[in-house]
Amino acid sequence: MKRTMIREVLASRGPQAAVRVQGWVRTRRDAKGFSFLEVNDGSSRGNVQVIVDESCPAFGGIEKFTTGSAVDVTGELVPSQGKGQSWELRAAELILVGGADESYPLQKKRHSPEYLREIAHLRPRSNLFGAVFRVRSRLAYAIHRFFQERGFLYVHTPIITASDCEGAGEMFRVTTLPLNKAPVGADGEVDAGKDFFGRPTFLTVSGQLEAEIFACSHSNVYTFGPTFRAENSHTSRHASEFWMIEPEMAFCDLEGDMELAETFIKELIADVMEHAADDLAFFDQFVDKGLLERLRFVLERPFQRVSYTEAVAILQASGRTFAYPAEWGANLQSEHERYLTEEHFKSPVTLYNYPQSIKPFYMRRNDDGKTVAAMDVLVPGIGEIIGGSQREERLDFLDEALAAHQLDPADYWWYRDLRRYGSVPHAGFGLGFERMLMFVTGVANIRDVIPFARTPGVAEF
RNA sequence: UGCUCGGUAGCUCAGUGGUAGAGCAGGUGGCUGUUAACCACUUGGUCGUAGGUUCGAAUCCUACCCGAGCAGCCA
């Protein structure tokens, strides 16, 4: 008999003479003459309650059906006599597919996320992580849907890259040279020319520069893939390996870029609220009490759009004492960003037009000569979720910026070529996938929205 | 990397110089259409590691390891 996923069983419209489910036992409650077995197969947050009584041959050995064991049940689906569920399965046949003894680490009680992190191979079977990874899958789908519906081209940019000057952070070296006897050149340095690619190579920190190439052929494109940063970060919102979405649009300015970013975030929220309502309700109840209200609020209200210069003025007029006072020309500190999004505006904020001196070389210089067409989207609880800009499409200004950042134009020959042949205004941004997932689920630590998180010193699974 | 907090039973924690505790999990028995079921009894510990102070250290000191938070880096 064909298996039915528990998600469908729970949504059944009427009784069914025979249903087969397969899954893992969450808990068993024994009564006189029969037992309740709660079975989950990951298809939904809910468990199906299975009734096993003397009419079922397996009842005699019911004590073997412990929390964590895998089972295969066939029986009749009937209205439940008890509260808490509409349907229950009266087991005619119950098979123990794989047992689990008392050392099974997941108990029928609340566990801390830190503990569950140590058992990353079992935590997807918990309520919390079951829900997190269902939403993660849905969010990834929603991202592709958003861009595909708008005619954006999905580009696979390289994971291994030779450009080591993208300015986005420390990079992981990729090499096949033996660590203990790497070939050394005349200068005493490792001779990367003898390495696999004949030059130094690294894991990508961003697909942006390559995405720009395709924006300049297919107009609207996006990337969605893994990204690596070798920073020694110990925070709840940084990981060494994470996924990033980077749209890039030709014939687009900063205004269009900000519009896309804001629409994008709203549509993702709407999609997840519609298609993962059960799981979001779980997060709202057990993880982050105001989650649904906050998401609705973000959906309904326009994002606050404020220039960097205005933001500094707001901070200076706030009457607040910051560890680092806000000052024009300096980077905004986390405390500043938090104040703006969590206290002053109490909503997502799009900041734009940052001082040129604190931003990367590729951002387009504004006419004031002091700022560049950059933008960051900040959200309450997480901070920066999007960073983007209009790119410098004018070769002379780009060369100036390269010089100012002490970068060798020769290393950027193909990037410069885009400005030599059919250059167009274009813009894009990067959205941290995990940060978006944190925002949508209310989960506070990035390590808990990645199936197998990589952070400094941690790569067990 | 810096600062702060923490590490005690399988899990969540209490215990702040004098005989290591509770709840849950596990075991045994009972009870009940149960809902993290309930009731009784019960097993379970090198108190993160290594030194030191003390008659005596889970408790005080030092170093290290691990976890968390904040900051920086940024998505």
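Below, read A as the first sequence line, B as the second, and so on, with proteins coming before strands; counting in each chain starts at 1.
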Less than 4.0 angstrom between a side-chain N/O of [X] and OP1 or OP2 of [N], yes or no?
{"X": "A/Q333", "N": "B/G72", "result": "yes"}
{"X": "A/R237", "N": "B/A71", "result": "yes"}
{"X": "A/S334", "N": "B/G72", "result": "yes"}
{"X": "A/N445", "N": "B/G69", "result": "yes"}
{"X": "A/R29", "N": "B/A37", "result": "yes"}
{"X": "A/S80", "N": "B/G33", "result": "no"}
{"X": "A/R447", "N": "B/G69", "result": "yes"}
{"X": "A/S236", "N": "B/C70", "result": "yes"}

Under 4.0 angstrom, heavy atoms only, what part of the nucleic acid is [X] near: base, sugar-phosphate, or nothing?
{"X": "A/G82", "answer": "base"}
{"X": "A/A323", "answer": "nothing"}
{"X": "A/R117", "answer": "sugar-phosphate"}
{"X": "A/I446", "answer": "base"}

Would you say the side chain of A/E114 and the base of B/G69 hold a donor-acceptor pair, judged only by whether the two atoms sit under 3.5 Å apart?
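Looking at the base of B/G69, it does not pair with any donor or acceptor on the side chain of A/E114 (distance under 3.5 Å).
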Next item on the list: Can you check whether any acceptor in the base of B/U34 is under 3.5 Å from a donor in the side chain of A/Q85, or vice versa?
Entry: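 For A/Q85, whose side chain was compared with the base of B/U34, there is a donor-acceptor pair (under 3.5 Å).
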| Cationic N near anionic O, under 4.0 Å, A/D376 to A/K359 |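 Salt bridge: yes.
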[N] and [M]: how far apart are their [atom1] atoms, nearest whole angstrom?
{"N": "B/U28", "M": "B/U43", "atom1": "P", "value": "14 Å"}
{"N": "B/G48", "M": "B/A57", "atom1": "P", "value": "15 Å"}
{"N": "B/U1", "M": "B/C55", "atom1": "P", "value": "40 Å"}
{"N": "B/C38", "M": "B/A25", "atom1": "P", "value": "7 Å"}
{"N": "B/G44", "M": "B/C3", "atom1": "C1'", "value": "39 Å"}

What's the closest nucleotide to the A/K32 side chain, out of B/A75, B/G69, B/U32?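 Comparing B/A75, B/G69, B/U32 against the side chain of A/K32, the answer is B/U32.
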- Counting heavy atoms from C-beta on, name the nucleotide in B/A75, B/U34, B/A71 closest to the side chain of A/H234.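 Comparing B/A75, B/U34, B/A71 against the side chain of A/H234, the answer is B/A71.
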*asked:* I'd like to check, for A/F242, whether its ring lies over the base of B/A75 with centroids under 5.5 Å apart and a plane angle smaller than 30°.
replied: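 Whether judged by distance or by angle, A/F242 passes, so it stacks on the base of B/A75.
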Classify the ring geometry between A/Y308 and A/Y354 as parallel (under 30°), tilted (30 to 60°) or perpendicular (over 60°).
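Judged by the thresholds at 30° and 60°, the geometry between A/Y308 and A/Y354 is tilted.
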Practice prompt. Could you tell me how the ring of A/F264 sits relative to the ring of A/F429: parallel (under 30°), tilted (30 to 60°) or perpendicular (over 60°)?
Written response: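 Tilted: the ring planes of A/F264 and A/F429 meet at 30° to 60°.
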Short heteroatom pairs, N/O only, protein and nucleotides 6-10 of chain B, under 3.5 Å:
unit_1	atom_1	unit_2	atom_2	d
B/G10	N2	A/Q107	OE1	2.9
B/G10	N2	A/Q107	NE2	3.1
B/G10	N3	A/Q107	NE2	3.3

Quick tally for nucleotides 41-49 of chain B: nucleotides whose base has a protein heavy atom under 4.0 Å get B, sugar-phosphate-only ones S, the rest -, giving ---------
